[in-house]
Amino acid sequence: MAQKTIMLACSAGMSTSLLVSKMQAAAKAAGVDYKIFATAASDVPNQLTSAEKPDVLMLGPQIAYMKNDMQKQADSAGIPMDIINMQDYGMMNGASVLNAAEKLLKDK
Amino acid sequence: MENTKKSGFGEFVNNKLMPPIMKFVNTKAIKALQDGMIYSLPFIIIGSVFLILSNIPIPSVAAWLTATGWSAFFTQAYTATFGVLSIWAVVGMAYVYVRNEGYEALPAGLTSLATFFLIQMMNIDNPIKGLMSSGVTNSAGKMVLTGKAVTANIDKLPHALQGVMTAPVTGVFNITWLGGQGMVGAIIVGLLVGWSYSAMIRKGWKITLPEQVPASVAKQFTAMIPAGIIITVAMFIFAIFSHFNTDLLQYVYNLLELPMQGLSDSLGGAIVIGFAVSFFWFFGVHGGLIVGTIAGVFLMPNTAANAALYHAGKLSLANGAHIVTNEFYNNFINLTGSGITIGLVIFALFAAKSAQVKTLGKIELVPAIFNINEPFLFGLPLVMNPLLAIPFFLTPVVIAISTYLVIYFGIVPPLNGVAAPWTTPAVVSGFLIGGWKMAIWQACTLLISTGIYFPFAKKYDALLLKQENAKEAAKAADGETVDAQ
């Protein structure tokens, strides 16, 4: 698989979709190819059980309280998961969040 | 913020107050409520469009729509969607509950719907009965027969016929109970069915067919036992209530929904709701989501009640219209994002000096138009930031109070029950949910926000600028030492 998929999740998938476009720009600038998308927290179970499940899951800090539950789901899907750094999220720092996602993918 | 000392109160909230709240929010029931309700949203919004169409506030257009019959078709589309929102909720909640438990969920959603139908009386009051007190009016709205006259005429009929004519009409669903009035009952049914269905499947209470039976056939039998038990229990519940000449929905409505609607639809309720959103966000938890779910249970029926009044052309506080509806929450308390942070956007764009606030202002401008403000919440940040806490808490409360009062004193008419998606931009949403006066008032709330945030933002910005300058200076000093070597 050449292309890895990064999935972001927040309550409705709205504010994370802002971050997605920043991350895509950062990926493009760095010359790496990722499929990055955002979704609503309630959609995560569907995504994780779908045939084309993502390779890493990153949660918006506003739903950090769902961490335990999400961790369980990510574990059973066998993919790494983490919460996006609050400052990076607020500043919409696409490059930094992309780095974090890459690190998660490597540690796996 | 690493440079903020953790106060005793902050620690109390994080260690003592939040864990139980988070536990509550993460319960299966609340999650099913949250995600299940979402299924009713498209129907509410589609229905709202037809509600607007059937109530165009321009008399000549309205008369034309009535004359051509389109008004009736729009009403039909509204009734079949928004008008029966409890149906979507009752299916959605049981569905989500069982899906989250990892079982096939549609049978549970349908069982929930069947149960919801089962616990209500399938009849409506005979329209003749209403006419006996209200009288008969013709299509032009003129009274042609008084209530007294109707009663007198009915009295002349043979007794047996009188009885038939005033008995409830049977064999119908009463859409009153499928709409907002049945909401709390629907939630109770949806969650209980979701819970009991999952529990029975988990226990293995299902018909297991021999392996030779194709899977798709066997699947149909899975739901049989849980659904059968749930429906039988529901039937007994219906029997008990019908013994007292009522049903579960009416009982729940009077016992729970009506008082809670009253509580939420009060000045106190408005203040609590406004305060709670910022409160949760301050601790980094999605306040809009949590408060919206819980308050929505009672605000949604308020919206539906206003929509029904609006549809009947009787929208006024005197006729029982509610002030605090779901739109009061969605399109005022969360306008331009939790904490109504438009004031901060304006400050950031026009008056900020620090690089951080300036940059954030540019990032936040477009999201703010669509009522999203995570960049501010996490970037400024507003989360756990005592320096901006006062306006962050104050603004929604002030706007909740003032919006309540302008409706209460009749300066602006009540919200009309039209549901605009929460992402609808300010002023546009105001126009949709309450007409041009509401749009103007919404613009006023943006000014209020600016007024409250400005002085605090100025101080905070100055502090950030100082830090940035200090950092620059330190960097420059470092640079010099490097050069010197």
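Letters A, B, ... mirror the listed sequences (proteins, then strands); counts begin at 1.
Counting all heavy atoms, side chain and backbone alike, A:Gly90 lies closest to B:Leu360 at O-CD2, 3.3 Å.
The closest side-chain heavy-atom distance from A:Met91 to B:Pro375 is not below 4.5 Å. Within the 4.5 Å cutoff, the side chain of B:Lys31 has heavy atoms near those of the A:Asp69 side chain. Counting heavy atoms from C-beta on, the side chains of B:Phe378 and A:Gln62 come closer than 4.5 Å.
Heavy-atom pairs under 4.5 Å with chain A peak, among B:Gln34, B:His286, B:Arg99, at B:His286. Interface remark: of the candidates A:Ala41, A:Pro45, A:Pro61, A:Pro61 forms the most heavy-atom pairs closer than 4.5 Å to chain B.
Of the inter-residue distances, the one linking A:Ile63 atom CD1 with B:Ile290 atom CD1 reads 11.0 Å to the nearest 0.5 angstrom. Atom CG in A:Asn93 sits 11.0 Å away from atom OG1 in B:Thr359 (nearest 0.5 Å). The distance from atom CD of A:Gln87 to atom CD of B:Gln356, rounded to the nearest 0.5 Å, is 6.0 Å. How far CD1 of B:Ile363 is from NZ of A:Lys22: 5.5 Å, rounded to the nearest 0.5 Å. Rounding to the nearest 0.5 Å places SG of A:Cys10 at 8.0 Å from CD1 of B:Ile372.
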